[in-house]
Amino acid sequence: MKIAQVAPLIESVPPRLYGGTERIVSYLTEELVRVGHDVTLFASGDSITSAELDPCCSRALRLDPTVSDTIPHFMLMIDKVRERAREFDVVHFHIDLFHFPLFRRLGVRTLTTLHGRQDLGDLKPFYSRFGDMPLVSISNDQRKPLPRANFVATVQHGLPADLHLPSFGQGAYLAFLGRISPEKRPDRAIRIARAAGLPLKIAAKVDKVDGDYFRKDILPLIAGGDVEFVGEINEHEKTKFLGGAAALLFPVDWPEPFGLVMIEAMACGTPVLAFRRGSVPEVIDDGVTGRVVDSEEEAVAAMPAILSYDRRAVRRSFEERFTAARMAEDYLGVYRGLLRIPRSNGKTQGTRPRQLDLNGSNGRRPVATAEPLLAAFEPSPNSEVPL
């Protein structure tokens, strides 16, 4: 298959430091190339890949001090993808919504994975207008706010099986890894660790928008010596950081779309203690790879049990459920469903992949794929659906 992967430009692919979406695009791209597909990656020029790289800016926008507005860069990338769109069997977008008006007439040849939260009210009329665009969710919970949007599959994230070497020792501290922000609740992690009498290490980036929150709400809690702020770490440092931890704390307070750090911890053999928000119950095998709790008190009470978990069993669960090979195979199944298949009357049609709805029912419906690429922004008949 000839496949285009269209990545965000905020970070390189893979990112040098923080960047979950770009990291997943990298893992998917490399696995697709490994199994023999012809892949082109549209990404920043400092990206590293075994696929063909079509650079859409010189370097990651977050790390470029000359960039004050990212939108023009994304528009230039989308136009570049449009120019080459006919070269590919499937164009797989990871940039949320920017491309929908231009690519709606290629709906059966494009796929969009939504990597963020979907419970914001502004999104409902958008997905209603563009109800013909095939979408992939990264957890079943992520799609709940939009039950009638055109989700053709849920594909959970995966990591290369050899990316993190597991550690089967006890671990000497609790870990918090990711981003300092109110929804990630590092304050909860600090209180839980202190109540449990265990040291905490925080490895996280601080975005400009969260600078005041970090200085006013988190830094005062760190004082005392039992909490160490490590700062932002790269992919290679994660193995040591997570592998050396007794458990990962994931006390989020928002509808988490997936939570990549949870499976990164599992890859290291480290169990996860997480709050019941968003995708968490789908990712954690409660009682095997971690515990799902509803309060700080419940988290503290669960600590002795989670510290005794079999770290080899945690790693085995990762290998069974969350590898990049499994993720790529799932996406290939979706791609095949989007491609044309012959009909008895000699015409062609595409069949949307079999999907599992949240109510457990299966749905399958054909959509025509033989239409030419029409003018940009021309509305598609009967594409609007109520949400």
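Hydrophobic clustering keeps F93 apart from V13 (ILVMFWY residues linked when any side-chain heavy atoms are closer than 4.5 Å, directly or through intermediates). Cluster membership for L53 and V90, using ILVMFWY side-chain heavy atoms within less than 4.5 angstrom, is not shared.
Atom CE of M133 is separated from atom CG of L97 by 10.0 Å, given to the nearest 0.5 angstrom. Here the CG atom belonging to L260 is positioned 6.5 Å from the OH atom belonging to Y27, to the nearest 0.5 angstrom. Taking CD of Q5 as the start and CD1 of I24 as the end, the distance is 11.5 Å to the nearest 0.5 Å. One finds the SG atom of C56 at 5.5 Å from the CE atom of M77 (value rounded to the nearest 0.5 Å). Atom CE of M1 and atom CG of L339 lie 5.5 Å apart (nearest 0.5 Å). In this structure, R16 CZ and E22 CD are separated by 13.0 Å, a value rounded to the nearest 0.5 Å.
Between the R23 side chain and the L159 main chain, no donor and acceptor come within less than 3.5 Å of each other. For the pair S47 (side chain) and S44 (backbone), a donor-acceptor distance under 3.5 Å is present. In terms of modelled atom types and a separation under 3.5 Å, the side chain of D46 and the main chain of A60 share a donor-acceptor contact. For E282 (side chain) and N140 (main-chain N/O), a donor-acceptor pair under 3.5 Å exists by modelled atom type. Judged purely by atom type and a 3.5 angstrom limit, K144 has no side-chain atom pairing as donor or acceptor with the backbone of D119. In this structure, the side chain of R109 does not engage the main chain of V91 through any donor-acceptor pair within 3.5 Å. Listed for the Q156 side chain is no donor-acceptor partner under 3.5 Å among the backbone atoms of S139. Of the possible donor and acceptor atoms, one in the side chain of R326 sits under 3.5 Å from a partner among the backbone N and O of H157. Although no hydrogens or angles enter the test, the distance criterion places a donor-acceptor pair under 3.5 Å between the side chain of T270 and the main chain of L242. Between the side chain of R321 and the main chain of V283, a donor-acceptor pair closer than 3.5 Å is present.
Contact annotation: the side chain of D310 approaches that of R316 to within less than 4.5 Å [non-hydrogen atoms, C-beta and beyond]. Contact check for P271 versus R311: side-chain heavy atoms found under the 4.5 Å cut-off. K184 places a side-chain heavy atom less than 4.5 Å from the side chain of E256.
Heavy-atom minimum distance, H164 versus C268: CB-SG, 3.7 Å. Residues A299 and V293 approach most closely at CB-CG2, 3.9 Å, considering heavy atoms. Residue F318 comes nearest to P160 through the heavy atom pair CZ-O, 4.2 Å, listed as atom of the first residue, atom of the second, then distance. Scanning both residues, V292 and F275, for their nearest heavy atoms gives CG1-C, 4.4 Å. Closest approach of P257 and S279 over heavy atoms only: O-CB, 3.4 Å. Taking both residues in full, the closest heavy atoms of R185 and P251 are given as CB-O, 3.1 Å, listed atom of the first, atom of the second, then distance.
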| task | Would you check, one step at a time, whether the test side-chain contact (heavy atoms from CB on, under 4.5 Å) holds for R277 with D253? | result | CA-CA 7 Å; R277 294 300 307 273; D253 194 16; 2.7 Å; yes
| field | Evaluation steps, side-chain contact (heavy atoms from CB on, under 4.5 Å), between L135 and Y127 | value | CA-CA 10 Å; L135 308 173; Y127 288 116; 3.8 Å; yes
| Residue pair L200, D226: steps toward the side-chain contact (heavy atoms from CB on, under 4.5 Å) verdict | CA-CA 6 Å; L200 174 68; D226 53 351; over 6 Å; no
| request: Decide side-chain contact (heavy atoms from CB on, under 4.5 Å) for R215 and V206; before the verdict, give the C-alpha distance in whole Å, the side-chain angles of both, and the deciding distance to 0.1 Å. | output: CA-CA 10 Å; R215 288 186 292 270; V206 183; over 6 Å; no
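The aromatic rings of H115 and H94 are tilted relative to each other, their planes meeting at an angle between 30° and 60°. Using the six-membered ring where Trp is involved, F42 and F88 have ring planes that are perpendicular, over 60° apart on the 30 and 60° scheme. Y173 and F241 have tilted rings, their planes meeting at an angle from 30° to 60° on a 0 to 90° scale.
The distance between the ring centers of H92 and Y335 falls below 6.0 angstrom.
Using a 3.5 Å distance cut-off with no hydrogens or angles, the side chains of T112 and H99 do pair a donor with an acceptor.
Under the 4.0 Å criterion applied to side-chain N and carboxylate O atoms, R336 and E329 are assigned as salt-bridge partners.
Around the CG atom of L219, the shell of radius 6.0 Å holds more than 12 heavy atoms that belong to other residues, nucleotides or ligands.
No option in L9, D79, D69 other than L9 meets the side-chain contact (heavy atoms from CB on, under 4.5 Å) test with F74.
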